[in-house]
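Everything below concerns the one structure shown next.
Letters A, B, ... mirror the listed sequences (proteins, then strands); counts begin at 1.
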Protein chains: 2
Amino acid sequence: MSNLSTLSQPKRNVDIASQQETAWRQQGSLWSNLRQVCELLAIPAPATADDEDTLFQHVRYKAGQRIHRIGQAFDTLYIVNSGFVKTLHIDEFGNEQVLSFPMKGDILGIDGIHKQHYASEAVALSDCDMILVPYKTFAALGRIHCELEQAMFSVMSREIVREQMMISMLSALSAEAKVARFLTNLGERFSQMGYSGRSFNLRMTRQEIGSYLGLTLETVSRTLSALNELGMISVEQREINLLDTAALKSLRRLPPAKARNKVAEKVTALVNKNLLPQWNPELSTAIN
Amino acid sequence: MSNLSTLSQPKRNVDIASQQETAWRQQGSLWSNLRQVCELLAIPAPATADDEDTLFQHVRYKAGQRIHRIGQAFDTLYIVNSGFVKTLHIDEFGNEQVLSFPMKGDILGIDGIHKQHYASEAVALSDCDMILVPYKTFAALGRIHCELEQAMFSVMSREIVREQMMISMLSALSAEAKVARFLTNLGERFSQMGYSGRSFNLRMTRQEIGSYLGLTLETVSRTLSALNELGMISVEQREINLLDTAALKSLRRLPPAKARNKVAEKVTALVNKNLLPQWNPELSTAIN
DNA sequence: CGCCAATTTGAGTCCCATCAATATTTGTGG
DNA sequence: CCACAAATATTGATGGGACTCAAATTGGCG
């Protein structure tokens, strides 16, 4: 967090830089080249890139450490290499509002570009290894490698789409559906990272989950218990097992205990009749 | 309410282009140059730009017309020059979820960059004049004018921040606060466009407002009536007057209906007034 | 004028927040 | 290593805010 000035030099001056690198390595820092960063972001690396041309510094954060603050002058983007993070707003009353739970491959700080000050706060949920991307380097790369500019727009567009999905979820779904989707989404993320998408443990508190989903921590806890009793998941503290991902994904609301069986029949009946072509936007618009 | 587009004067230099332009003009098309587009987006125009170098076509949409669909192949961005638009998601059950109400100076279609297909639907709420920006032109401009690339990142970042604010609002505020903020935000938008920020009329239905805010149309209607009775606004159908913007902005939750109706609730009323000077954020949090 | 969409308003219900008590886990220092 | 404190989770009881269902009214438009 301290000497960011040294890393804004894209080109490495071998003699001096290698000394510094050794020093950084001792405190847990590493360097990644452009190809590695692109792979992490799941975007195609420019063929023209020289692996040693541009290097990006790693920085480690311990659980609980703040990565950037609201209002802080913006100059670098962060890419999560390992570990778990939360980003949040703090409203005029001091209440925290969790906005996202970035993990491996996610990028932080984009919201700072607009006003050149970070618009959100980022805090490490676990020990993290973050890659620093000075914004100036970021912008310069777009001009050097045309394909990269396209990829950078794509990454920002993806973030916008993700937030749109979040808005839809927040304003349309019941508490049970929110929690169910949260778990399945998390599972998919873990799968992509090479871990089990079925069995994992949460890195965040019920409070943080509730804030993220627009619920209270008690409702989150109760909902997890309910999903547990219904056999869709098993949960003990932060240890989660997804037992019926299909049911979780299609869950809209937990029917009142008396009618639970009936509604389940209805849904399956509709699906069988092809009236609910789920998760296919093309078809659902055709219905109108 | 209709034709604001006198500011876009087509410049013609080529013979072929002028023929086409005449044809387009007959169906209501005009052209804007890069400088005019930048002004509309409120970003600095590159000094190196030749006014005749790149021209952007206008297209008019009538109220109710669709501008782009979900899943449609993405190739152009749209900038609102005049008129009002709504963008929306359609979930797997066919329910509409309004995402934004773009107006003059707003950009549409960014969500299509990621997958090269639009992720949302855009519909004109009134007659509209839209400027077409082919995505290829957009990308090429960033490479030609370095300042523009920065501005384009900034515009996308601004969109991300806007959606973050939306997420915070959806998950933390009461129905009254949502409606109140919606109105004050609209007022500010109208002010920026040169209209009255105090007195305006809504271009969208209660249904659409409710979808946008995560409420039902009945709740929106009831809330507007309540704000009307409290003297914060006056509302008749879609005609809105903001009478106390300060109160609206700081509104968290309406006092319980009992306290409003029971005029002669003696001591308790006074106590409530002292302890709960409603729509005063400072004090109401101090109580918590 | 007549039709249909939009809006308003009412009555009843339920989901979720709130308040509260307890249990369990984590962290810390002696 | 244990004890104690603080943080985190679970579970219950209760009330209220927003949804649902329903009816009446208004306004727009062919």
Side-chain angles (χ1 to χ4, degrees), chain A residues 62-64 86 95-96 125-126 170-180 201-211 213-229 233-240 251-260 263, chain B residues 1 62-64 86 95-96 125-126 170-180 201-211 213-229 233-240 251-261 272 276 278 284-285 287-288:
Chain A
K62 291 182 180 176
K86 67 172 176 181
N95 301 323
E96 289 192 359
L125 287 176
S126 65
L170 281 174
S171 62
L173 297 189
S174 67
E176 300 84 20
K178 286 178 182 176
V179 173
N201 63 323
L202 304 170
R203 311 305 162 96
M204 63 291 285
T205 68
R206 305 287 193 263
Q207 173 97 261
E208 288 161 341
I209 296 173
S211 172
L213 297 176
L215 303 171
T216 61
L217 66 95
E218 295 96 329
T219 298
V220 173
S221 178
R222 262 186 269 270
T223 304
L224 288 174
S225 299
L227 295 178
N228 186 28
E229 281 194 32
I233 68 173
S234 74
V235 52
E236 188 174 346
Q237 294 295 127
R238 299 199 178 178
E239 200 66 37
I240 299 282
L251 182 61
R252 295 221 101 197
R253 53 189 0 134
L254 281 186
K258 47 184 180 183
R260 266 173 199 173
V263 174
Chain B
M1 128 155 172
K62 291 183 179 175
K86 68 171 175 181
N95 301 322
E96 289 191 0
L125 287 177
S126 66
L170 282 173
S171 62
L173 296 189
S174 68
E176 300 84 20
K178 287 178 181 176
V179 173
N201 63 323
L202 305 170
R203 310 304 161 92
M204 63 293 285
T205 67
R206 305 286 192 264
Q207 173 97 260
E208 288 162 340
I209 297 173
S211 172
L213 297 176
L215 303 171
T216 61
L217 65 95
E218 295 97 328
T219 298
V220 173
S221 176
R222 263 185 266 268
T223 303
L224 287 174
S225 300
L227 295 177
N228 187 28
E229 281 194 35
I233 68 173
S234 74
V235 51
E236 188 174 346
Q237 293 295 127
R238 301 201 178 178
E239 201 65 38
I240 298 282
L251 181 63
R252 291 224 104 193
R253 53 191 6 138
L254 247 29
K258 48 186 178 185
R260 268 183 279 152
N261 298 335
N272 285 338
L276 300 172
Q278 39 265 32
S284 53
T285 44
I287 292 173
N288 300 340

- Query: Considering residues, nucleotides and ligands other than E218(A), do more than 12 of their heavy atoms fall under 6.0 Å from its CD?
  - Reply: yes
For [X] and [N], give me the distance from atom [atom1] to atom [atom2], rounded to whole Å.
X: L173(B); N: dA17(C); atom1: CG; atom2: P; answer: 14 Å
X: L125(B); N: dA5(C); atom1: CG; atom2: P; answer: 18 Å
X: E208(A); N: dA7(D); atom1: CD; atom2: C1'; answer: 12 Å
X: K178(B); N: dA18(D); atom1: NZ; atom2: C1'; answer: 10 Å
X: E239(A); N: dT25(C); atom1: CD; atom2: C1'; answer: 14 Å
X: L227(B); N: dT9(C); atom1: CG; atom2: P; answer: 13 Å
X: N201(B); N: dG27(D); atom1: CG; atom2: P; answer: 15 Å
X: R203(B); N: dG28(D); atom1: CZ; atom2: P; answer: 14 Å

- Task: Dump the intermediate steps for side-chain contact (heavy atoms from CB on, under 4.5 Å) on L251(A) and L227(A), then the final yes or no.
- Result: CA-CA 10 Å; L251(A) 182 61; L227(A) 295 178; 3.9 Å; yes
[X] side chain to [Y] backbone, donor-acceptor under 3.5 Å:
X: S225(B); Y: S221(B); result: yes
X: E239(A); Y: E236(A); result: no
X: S174(A); Y: R252(A); result: yes
X: T219(A); Y: L215(A); result: no

- Message: I need a per-nucleotide contact map over nucleotides 8-14 of chain D, read 5' to 3'. Cutoff is protein heavy atoms under 4.0 Å; write B for the base, S for backbone only, - otherwise.
- Response: SSBBBB-
- Reckon G214(A) touches a base, only the sugar-phosphate, or nothing at all at heavy-atom distances under 4.0 Å? sugar-phosphate
- Task: Determine, stepwise, if the pair R206(B) / R222(B) fulfils side-chain contact (heavy atoms from CB on, under 4.5 Å).
- Result: CA-CA 10 Å; R206(B) 305 286 192 264; R222(B) 263 185 266 268; over 6 Å; no
- Just report the end-to-end axis angle for the helix from dC1(C)-dG30(D) to dG30(C)-dC1(D), five pairs per end, to 10 degrees. 50°
- Message: Under a 4.0 Å threshold between the charged nitrogen and the carboxylate oxygen, would E208(A) count as salt-bridged to R203(A)?
- Response: no
- Query: For the residue pair I240(B) and V235(B), what are the closest heavy atoms and their distance?
  - Reply: CD1-CG2, 3.7 Å
